[in-house]
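Residue numbering restarts at 1 for every chain, and letters A, B, ... go by the order of the sequence lines. None of the values given here were measured: they were computed from a predicted structure. Heavy-atom basis, side chains included; hydrogens, waters and symmetry copies ignored.
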Amino acid sequence: MIEQPTEARQEGLVELHDISKAFDGKPILKDINFSVDKNQFLTILGPSGCGKTTLLRMIGGFEEPDSGTIFLNGKCINGVSPHDRNINTVFQKYSLFPHMNVYDNIAFGLKLKKQSAKTINKKVKDALKLVSLSGFEKRSIEALSGGEQQRVAIARALVMHPQVLLLDEPLSALDRRLRLDMQRELKEIQVKAGITFIYVTHDQEEALTMSDKVIVLNNGAIQQIDTPDNIYNEPVNLFVADFVGTNNIIDGRFIEDHRVSFLGAEFECDDVGFVKNSRVHVIIRPEDFILGEGGKLSGHIRSAAFKGMVNELVVLVEDTELIVRTTTHYVAGTDVFLDVIPFNIHVLTEEKADEKV
Amino acid sequence: MVKPLKRILIGGLLLFLYLPIIVLALYSFNASEYLGRWEGFSLKWYGALFSNAEIAEALYYTLGVALLATIIATAIGVLASIGLFYSKAKIKKHVMTANYLPIVNPDLITGISLMMFFVFFRARFGFSTMLLAHIIFDVAYVIVVVMPKMMQIDFAQVEAAMDLGANQWVIIGRVILPQIKQGVLAGALLAFTMSIDDFVISFFTAGNRATNLSIAIYSMARRGIKPYVNALATLMFVGIILLIFFINRINDSKKDNENGRLIG
């Protein structure tokens, strides 16, 4: 799951080795190691202040690590200035030049490269086509909507033909509807352009939707590196379980392999290898409860909220509030039975989680 | 009832502000040599003004100092503003506070301290000392006008430009200056106006070798106001009004841009 050290390691396009960084003596990033492959869409996911933007800025060349090495194509790029890296960045607030029109914004880097007017024209046109803004050349930046500005910022970076495109929460300023559209478009652009994307966000939905690989970062340390599927279904520790999606985290006891007890009942599970009779955390997703006339757990529906596709219930079992999602209609104040199949029970201990990381 | 009252009040206020100047302007066209007696329309005082060598020399000092001080102070002020743009917030704050000192400090104190400063360094009083003094207070005005425009630039634009291959000169020339040029122009015009307007600081730093218009008028006034002084004052007033008109127009177009951005 996490890259194997030294022997016969396949070289990634971008590799970070033992990166650490502190600001004013306060550690921001601790021993970060990961690699990104060509054409991969990697997302660094974490709460604000976890160090994800600093990490991105180091790859972009706007910050230098205190220790550790960053490789691009196997070459160390520590100390190399941003524009000598063949990496370009799409900034959080787009950072378009407001005194230039769309064309001049996108052509800015190409003009500095002293490319011919003909080449620049063609490249700008192609870039605009890639971000579905053909014909916008003469528009002023101020006349564009947020989503359009975002796409110009992407075009301005892509036109430089970077090997890696860094994106720092590029959708955070857009409204929800536009964000969902842009998520799909970004993924399409990444595939079409054939460029490696490193994407930073605090939005787990964004991370799961677009990425080939997700890094969950908290307090400057990597919690888990995995596919979106595994991040969602197999969180390695409580933080990931809690941060990625809504989860019920329930105190339980690991009886023996394949058996765990919580909320006063015993369940079969798929987990093995924990200490017998040890205290564990049991993770169950809200949509994984089976509600009905019978079941191992009996609960009382405290509240029921209609959320469009599903009803979200808060069910009190013993003294624990569980969040339950169901497509069936339930009324607050009634009693209900709950059950879970072994596959949907996920057992965690902090100790085991640490081992995995 | 409220509206006419409001109009009368505002009208009265404006009249109070401008009446003295209007009287002065009217008397500059008076054929009589004496104040308080109207003897018909005449341009003779304007003629006398333009043939007065003393006034011509004073005009040369005033415009020469104002032009040079404006150019030099604008250059220094813009460079300082760019420097502040790159500085840490704390440094920026302290420098901006210090920058207000020449503006809020009474001219008399600025004038006397500059005079003592020049005496201390045994400077030869004249055009150059007056110029230096004007540059000093003009820089403060340029920075005050340029900085707000500068702060509208998101610093990430600088990083974006760097990312696209721009060096510091390209960033200043193509990213920063185009976005602050209205502020620079407004700052320069304000500096020019302030320089022409100044009497007190000039008085203490010019010595007796250089006499600009304000000093000349002051010394003439002590000998009794000659009508050509009215003519001169009228011309200066019109000049300043035109300058202020231009400054306001620049500021207005600046506002239009901001509104445009908000809508976008």
Check your understanding: Under the side chain to side chain contact (heavy atoms under 4.5 Å, CB included) criterion, do A:H99 and B:K181 qualify, and how do the steps go?
Key -> CA-CA 11 Å; A:H99 56 294; B:K181 61 179 185 221; over 6 Å; no
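Side chains of B:Q152 and A:P98 form no contact here, defined as non-hydrogen atoms less than 4.5 Å apart.
Pairing each heavy atom of A:L112 with each of B:G165, the nearest pair is CD1-C, 3.7 Å. Contact between A:F108 and B:R174 at its shortest, heavy atoms only, is CE1-CB, 4.2 Å. The heavy-atom pair separating B:A160 from A:F91 by the smallest distance is CA-CE1, 3.4 Å.
Side-chain N or O atoms of A:H83 include none that pairs as donor or acceptor with a backbone N or O of B:A161 at under 3.5 Å.
Looking at B:V175, the atoms closer than 4.5 Å to chain A (heavy atoms on both sides) sit in the backbone and in the side chain alike. Residue B:D163 touches chain A through both its backbone and its side chain, counting heavy-atom pairs closer than 4.5 Å. For A:R85, no part lies under 4.5 angstrom from a heavy atom of chain B.
Contacts of B:V144 classified as side-chain contact (heavy atoms from CB on, under 4.5 Å), with partners at least two apart in sequence or in another chain: B:N99, B:Y100, B:I103. Applying the side-chain contact (heavy atoms from CB on, under 4.5 Å) test to A:A153 and every residue at least two apart in sequence or in another chain returns A:V90, A:Y94, A:L96, A:Q150.
The distance from atom CD of B:Q179 to atom CE of A:M100, rounded to the nearest 0.5 Å, is 8.0 Å. Atom CG of B:N167 is separated from atom OG of A:S81 by 10.5 Å, given to the nearest 0.5 angstrom. Rounding to the nearest 0.5 Å places NZ of A:K111 at 12.5 Å from CG of B:L164.
Taking chain B as the reference chain and counting heavy-atom pairs below 4.5 Å, the highest number among A:L110, A:I87, A:V159, A:T89 is found for A:T89.
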